[in-house]
Amino acid sequence: MRAQVIDVDYISSKETNVVRLYCKNEAGESICLSVPGFEPYFYARNSNNVNPTTLKRKFYQIKKIEDVERYLPLGYQREPSKLLKITVQHPKQVPEIRDEVKELVGEVFETDILFKNRYLVDKNIKGMGWINLHPSIADYTGQDATDHKSKSNCKFNILGHAEPVNYLANASFKFLSLDIECLPPEDGMPEPSKDPVIIISLAFDPPFNGKKSIVLTAKSASLQSQPEQTEPLNTTEMLGNEVKMLNRFSNIVKEYDPDFIAGYNSNSFDFPYLIDRTAALEINLPLGRDDRGSVYYKNFGIITKVTITGRVAADALPLIKREFSLKQYPLEFTAKQLLNDEKLDMKPEEMRRIWLSANESIAKLVEYSRKDAQLALAFFLKLKLLDKYIALSRTSGMLLQDIIDSGQSQMIEMLLLRAFLLEKRVMPPKPELEEDAATDANDETDSKDDDGEEELKGGEVLPPKKGLLENIVILDYKSLYPTIMIAHNLCYTTQIMDNDPVIASIDQKDIIITPSGARFVSPSVKKGILPQILENLLSKRDEAKKAMKAASTDDEKRILDALQYALKILLNSFYGYSGYRRARIFSLEIANSVTGYGRENLLRTKDVILNEIKTIPYKDFVIPLSVAYGDTDSTFVMLLDFANLTIEDAEIIGKSITAKINERLPKPMELQYESFAKRAVFMAKKRYAIWVFEKSDEGWKDKIKVKGMETVRRDWCDLTSKTLSRCLEIVLKEGNMEKAKNLVTSTIDALRKFDYSDKSMLKDLFLTKKLSKRNYKSKQPHLIVAEKIFRRSGTRLHIGDRIPFVIISAKGKLFADKAEDPDYAVEHKLKLDTDYYVDKQILPPIKRLFDGIEIEIKDLKADKANRTLFEFHGDEIVVSEPILRPAKSSPNNEQKNLFSFGN
DNA sequence: CTTGGGACCTAA
DNA sequence: TGAGTTAGGTCCCAAG
Ligand SMILES: Nc1ccn([C@H]2C[C@H](O)[C@@H](COP(=O)(O)OP(=O)(O)OP(=O)(O)O)O2)c(=O)n1
């Protein structure tokens with residue numbers, strides 16, 4: 001029988017360790033496979049020539065010591081080194097003895113690999129991958145030699161072992177989402193030690209006994225005026241008291257047996273609260289699939305990880321924060337923006353009143369809570385939030401829960417560890433770093449003398465040709481850094497270390513010297529492990545991209561786009577990891593070589609286009625080229641004298657440029673044609689807007705793409721984004737300065753007339769900033785607002801939250817002191833500082849845009865030089881004559897005159 | 001008043 | 001059991 005691995009844990013007794021694999025078979029049934037006998041181990045380099053027998057005698061934990069040959073982590077080596085492989089009985093014993101062994105014997109390796117991961121890597125089993133089950137006892141109840149009286153909550157319990165098997169499909173998974181309500185205290189936030197959980201709402205997919213949702217309540221009360229359509233799909237169970245409700249919840253989980261338990265902010269609120277509350281009540285709340293129903297949480301810095309053994313705790317909030325760039329993330333906003341659905345409204349005071357009242361119907365409260373659970377579930381079902389993570393899990397081999405909860409480094413380490421194992425190479429433990437060393441490597445003050453820059457230099461950014469430009473072909477290297485690493489065989493395993501005599505044994509022609517001066521052996525000597533991993537991941541990304549293009553619906557496209565993007569970031573993170581000071585293997589030489597090649601490549605690309613290709617003969621024309629901008633791996637090539645050519649022509653020309661460049665590049669580096677911009681405006685490095693045409697199923701689709709400018713920045717108000725965005729559209733598509741100018745003046749007029757009855761304008765005036773710490777060196781508006789809110793209501797805002805605020809009128813005060821909680825401002829009808837909004841929000845970005853364009857216009861039309869678009873006379877704005885006339889008829893001819901220029 | 005740096009957010 | 005990387009623009013505060 002085969003099954004898909006959802007989660008893994010282990011238990012150990014005196015005699016043995018049992019790894020437990022929680023799986024789902026093709027019929028969708030849950031299985032717990034108990035695998036006894038796997039033993040933890042690590043490696044040590046016997047620099048001190050300690051006698052292994054002595055060593056074994058010294059540590060009772062050591063079960064076995066073997067002499068093995070392994071390659072060391074960093075540097076090209078012709079031969080492996082002799083290491084000791086030290087096996088112990090229990091996983092906990094590795095950390096117990098590793099430091100002493102290191103002290104006594106020498107450097108140690110793989111001493112901090114979690115046991116479950118050790119098992120997965122050694123057996124080549126992957127998270128969300130499939131295994132063949134080989135049972136020795138089919139219905140394992142624990143009454144056997146292993147002495148574990150454990151019967152899990154899975155449908156089947158099997159003792160045996162597992163073998164990986166290739167199988168592409170996913171089992172059918174069960175989702176349960178939950179949302180809890182606590183009794184709000186009269187002031188402040190509920191606390192598990194005193195405030196009861198009053199409602200637990202659950203939503204199911206697929207339905208549970210025909211029910212899509214169940215709301216459990218901790219008291220019996222009237223449900224009068226409950227919506228009629230509620231039954232029978234959506235039910236309510238009155239459990240009478242809190243403990244009964246909690247028990248019922250646990251029983252439902254056991255009976256429904258979900259694979260994924262979802263929530264919204266559930267890692268930070270619902271689960272910790274439930275766990276602390278049950279502890280306070282001194283009752284159990286079994287939820288996990290293991291015999292004990294384990295569920296617990298642990299705080300890591302500012303984030304909380306929830307473990308529900310055998311299942312996956314999936315909190316939609318952090319996933320949404322990662323995937324969607326929004327100004328605010330409370331459920332009411334994300335539900336609206338991502339699901340086009342509405343969260344129901346209820347204030348804590350109202351909740352408290354309803355719950356405490358003797359005979360009032362609690363229907364509103366019940367439906368409020370039910371909706372939250374349904375929304376949490378909807379994120380997973382409609383947005384398919386987990387698909388990407390399931391794919392990443394299968395690719396990296398990490399368990400789904402760990403993928404969801406952790407960053408790039410975990411995946412990278414897992415992939416490296418697997419690849420290293422195959423080549424008999426060992427992995428160092430994570431380095432112990434001083435607190436501040438992580439961020440700043442440079443003392444600057446006294447370390448000027450020795451070994452040169454301890455720094456990692458990044459990508460090259462070309463200064464843009466400013467102003468309004470036309471006919472730009474956008475070229476972009478496909479996965480630049482990963483392809484550089486492959487092309488030049490950059491790897492821990494191919495790096496020739498300084499002063500390593502091994503260099504003498506290598507033919508000069510097989511030594512690659514990178515722009516930063518580091519040396520690597522060529523693939524003919526040894527093909528690097530990193531390049532192999534990267535090639536594999538690149539092909540996975542290509543697959544995802546291909547599937548994305550083939551996808552029939554926008555939703556499918558979005559999901560696959562998210563996957564290919566995630567793979568791209570994972571690919572790039574191998575470069576990042578090599579220059580990451582907390583990496584198991586840190587090699588600035590690799591990282592600097594990658595960026596060095598990258599910079600060289602960008603400059604060379606520009607140079608070849610400008611000085612070698614120069615022009616593209618096309619049809620009856622010869623089209624001169626110039627480079628308008630470039631950033632790290634992109635080149636914006638301007639086609640001069642492009643009159644009358646079409647977008648198709650541009651694509652052909654673009655592709656002929658990439659072909660010429662690609663001829664000269666080592667594989668698999670590849671410059672790709674990305675898109676064509678009819679017009680573009682470059683404000684500064686990393687700030688531009690382009691009017692691009694891209695192919696779609698229905699022909700050419702045009703859109704305005706904005707990078708870095710205020711329209712895409714979340715620390716500006718929506719009024720700014722909207723106004724600028726419309727100006728950009730008008731300027732780029734129509735070249736109509738008059739119209740853009742009128743838009744701005746009318747926007748400012750409307751702003752000056754603002755009053756609180758204008759709800760949509762009010763929303764457009766919200767600023768948001770992320771609260772990222774509590775000890776700022778200078779006054780910060782969002783912190784001031786967060787503190788005000790806490791003082792007034794006891795509502796605690798957390799680090800990581802985005803804080804919305806408005807700027808209110810207050811003469812002479814600092815900006816930060818004028819920031820106010822929007823709700824409070826509305827409630828007290830505080831006067832908004834319209835001057836601020838006009839002078840600091842609307843005008844500066846607009847002025848930058850118009851000034852930027854005008855410089856260009858000046859070049860074009862010397863006679864109309866020295867005109868500013870806006871001049872400031874106190875509050876009055878005087879707008880100069882239009883510089884470009886509206887393009888009314890036949891845009892092609894008109895615009896040719898308006899925009900074309902020589903260079 | 002000018003200037004440097006902190007903070008934020010984005011591009012790559 | 002944690003956390004890929006650097007480059008860059010713009011705002012505001014506070015030190016000078
Ligand atoms: N999160 C990121 C994004 C980019 N880069 C580096 C590595 C990339 O290779 C290079 C160029 O970035 P792109 O955004 O253009 O991405 P790629 O070239 O990797 O992929 P694509 O094929 O989408 O262009 O910048 C990075 O280190 N980390």
Side-chain angles (χ1 to χ4, degrees), chain A residues 91 95 112-118 298-305 307 325 327 398-399 401-402 405-414 416 429-430 433 438-439 441 455-464 476-477 479-482 568-584 586 588 590-592 594-595 598-599 602 629-634 683-688 705-716 720 767-773 775-783 802-803 807 814-819 836 840-841 844-845 848:
Chain A
D112 54 356
I113 312 295
L114 290 181
F115 193 57
K116 63 181 180 187
N117 289 337
R118 180 83 271 173
K298 220 168 175 179
N299 292 322
F300 289 92
I302 55 163
I303 65 155
T304 306
K305 294 186 182 180
T307 304
S325 176
K327 292 204 176 171
M398 282 230 295
L399 293 175
Q401 184 73 69
D402 296 334
D405 290 339
S406 61
Q408 303 297 319
S409 73
Q410 291 292 312
M411 282 188 276
I412 286 170
E413 289 177 5
M414 196 65 146
L416 281 177
K430 290 177 194 158
L433 244 57
T439 42
E455 281 173 1
L456 173 49
K457 215 177 154 200
E460 182 81 32
V461 187
L462 305 177
D476 186 305
Y477 281 88
S479 284
L480 179 68
Y481 286 10
K568 155 179 160 171
I569 300 304
L570 177 58
L571 278 155
N572 290 340
S573 297
F574 277 86
Y575 142 72
Y577 189 80
S578 74
Y580 172 44
R581 302 191 127 78
R582 298 212 155 134
R584 289 174 185 273
F586 173 53
L588 264 187
I590 293 178
N592 265 322
V594 174
T595 57
R599 289 189 300 276
L602 180 71
Y629 180 57
D631 184 347
T632 309
D633 74 332
S634 64
M683 305 303 308
K685 285 178 175 178
K686 298 192 188 279
R687 284 173 189 228
Y688 60 87
K705 249 197 207 174
V706 183
K707 296 290 184 178
M709 296 175 67
E710 290 76 4
T711 57
V712 296
R713 296 183 61 88
R714 291 177 289 180
D715 49 356
W716 290 78
T720 300
L767 305 173
T768 64
K769 273 179 194 287
K770 188 156 87 180
L771 190 62
S772 56
K773 49 175 147 173
N775 303 325
Y776 288 101
K777 297 205 168 162
S778 58
K779 279 197 173 178
Q780 296 297 332
H782 48 314
L783 177 59
R802 295 192 65 83
I803 318 286
I807 301 301
L814 284 175
F815 169 72
D817 289 320
K818 299 200 286 183
Y836 166 80
K840 304 291 180 174
Q841 284 284 321
R848 274 194 288 272

Using atom CG of A:L480 as one end and atom P of C:dG4 as the other, report the distance to the nearest whole Å.
-> 21 Å

Identify whether any heavy atom of A:Y688 sits under 4.0 Å from a base atom; if not, whether one sits that close to sugar-phosphate; answer base, sugar-phosphate or nothing.
-> sugar-phosphate

Across the strands shown, which category fits A:A583 at heavy-atom distances under 4.0 angstrom: base, sugar-phosphate, nothing?
-> nothing

Look at A:H782 and B:dC8 and indicate whether a side-chain polar atom (N or O) is within less than 4.0 Å of OP1 or OP2.
-> yes

Is the shortest side-chain N/O distance from A:K298 to OP1 or OP2 of C:dT1 below 4.0 Å?
-> no

Counting any heavy atom closer than 4.0 Å, what does A:E460 reach on the DNA or RNA strands: base, sugar-phosphate only, or nothing?
-> nothing

Give A:R802 one of three labels, base, sugar-phosphate or nothing, depending on what nucleic acid heavy atoms sit under 4.0 Å from its own.
-> sugar-phosphate

At under 4.0 Å between heavy atoms, what does A:G576 touch on the DNA or RNA strands: base, sugar-phosphate, or nothing?
-> base

Kindly say if A:R848 contacts the phosphate of C:dG9, meaning a side-chain N or O under 4.0 Å from OP1 or OP2.
-> no

Identify whether any heavy atom of A:V712 sits under 4.0 Å from a base atom; if not, whether one sits that close to sugar-phosphate; answer base, sugar-phosphate or nothing.
-> sugar-phosphate

Rounded interatomic separation in angstrom, taking CG from A:L814 and P from B:dG6 | 19 Å

Contact under 4.0 Å: A:S409 side-chain N or O vs C:dG4 OP1/OP2 | yes

Rounded to whole angstrom units, what separation is found between the OH atom of A:Y481 and the C1' atom of B:dA11?
-> 12 Å

So what does A:K773 touch, heavy atoms closer than 4.0 Å: a base, only the sugar-phosphate, or nothing?
-> sugar-phosphate

Heavy atoms under 4.0 Å, any strand shown: does A:T632 hit a base, just sugar-phosphate, or nothing?
-> sugar-phosphate

For atom NZ of A:K327 and atom C1' of B:dC8, their distance in whole Å = 14 Å

Determine the contact category for A:Y776: base if any of its heavy atoms lies under 4.0 Å from a base atom, sugar-phosphate if only primed atoms, P, OP1 or OP2 are that close, otherwise nothing.
-> sugar-phosphate

Distance-only polar pair, side chains of A:T720 and A:E710, donor-acceptor under 3.5 Å = no

How close or far is atom C1' of C:dT1 from atom CD of A:E413, stated in whole angstroms?
-> 10 Å

Please report the C-alpha distance between A:Y688 and A:Y629 in whole Å, then the side-chain angles of each, then the deciding distance to 0.1 Å, and finally whether the ring pair (Phe, Tyr, Trp, His ring centres under 6.0 Å) criterion is met.
-> CA-CA 10 Å; A:Y688 60 87; A:Y629 180 57; 5.6 Å; yes

Presence of A:R581 side-chain N/O under 4.0 Å of C:dT6 phosphate oxygens OP1/OP2 = no

Mind checking A:P844 for me? I need base, sugar-phosphate or nothing, with any heavy atom below 4.0 Å counting as a touch.
-> sugar-phosphate

Output the single nucleotide from C:dC12, C:dA14, C:dG9 whose closest atom is nearest the side chain of A:K779.
-> C:dA14

Considering only C:dC13, C:dG8, C:dG2, which nucleotide approaches the side chain of A:K305 most closely?
-> C:dG2

Atom CG of A:L783 and atom P of B:dC8: how far apart are they, to the nearest Å?
-> 9 Å

What closest approach, in Å, do A:L767 and A:D715 show between heavy atoms, and which atom pair accounts for it?
-> CD2-O, 4.4 Å

Establish whether the base of B:dC9 is bridged to the side chain of A:R714 by a donor-acceptor pair shorter than 3.5 Å.
-> no

With the side chain of A:K457 defined as its heavy atoms from C-beta on, choose the nearest nucleotide among C:dA7, C:dT5, C:dC13.
-> C:dA7

Just call it for A:S772: base, sugar-phosphate, or nothing, with non-hydrogen atoms closer than 4.0 Å on any strand.
-> sugar-phosphate

Reckon A:F300 touches a base, only the sugar-phosphate, or nothing at all at heavy-atom distances under 4.0 Å?
-> base

Residue mapping more 5' on DNA chain C - nearest nucleotide basis, A:I412 or A:T307 | A:T307

note: A:L602, atom CG; C:dA7, atom C1'; distance rounded to Å ~ 13 Å

Between A:D476 and A:S634: side-chain donor-acceptor atoms closer than 3.5 Å = no

Using a 4.0 Å heavy-atom cut-off across all strands, classify A:N572 as base, sugar-phosphate, or nothing.
-> base

Identify whether any heavy atom of A:E710 sits under 4.0 Å from a base atom; if not, whether one sits that close to sugar-phosphate; answer base, sugar-phosphate or nothing.
-> nothing

Which atom pair, heavy atoms only, marks the closest approach of A:S578 to A:I590?
-> OG-CG2, 3.7 Å

For C:dG8, does either OP1 or OP2 sit under 4.0 Å from a side-chain N or O belonging to A:K686?
-> no

A:T768 and A:R802: side chain donor to acceptor below 3.5 Å = yes

Will you find, in the side chains of A:Q841 and A:Y836, an N or O donor that is under 3.5 Å from an N or O acceptor?
-> yes

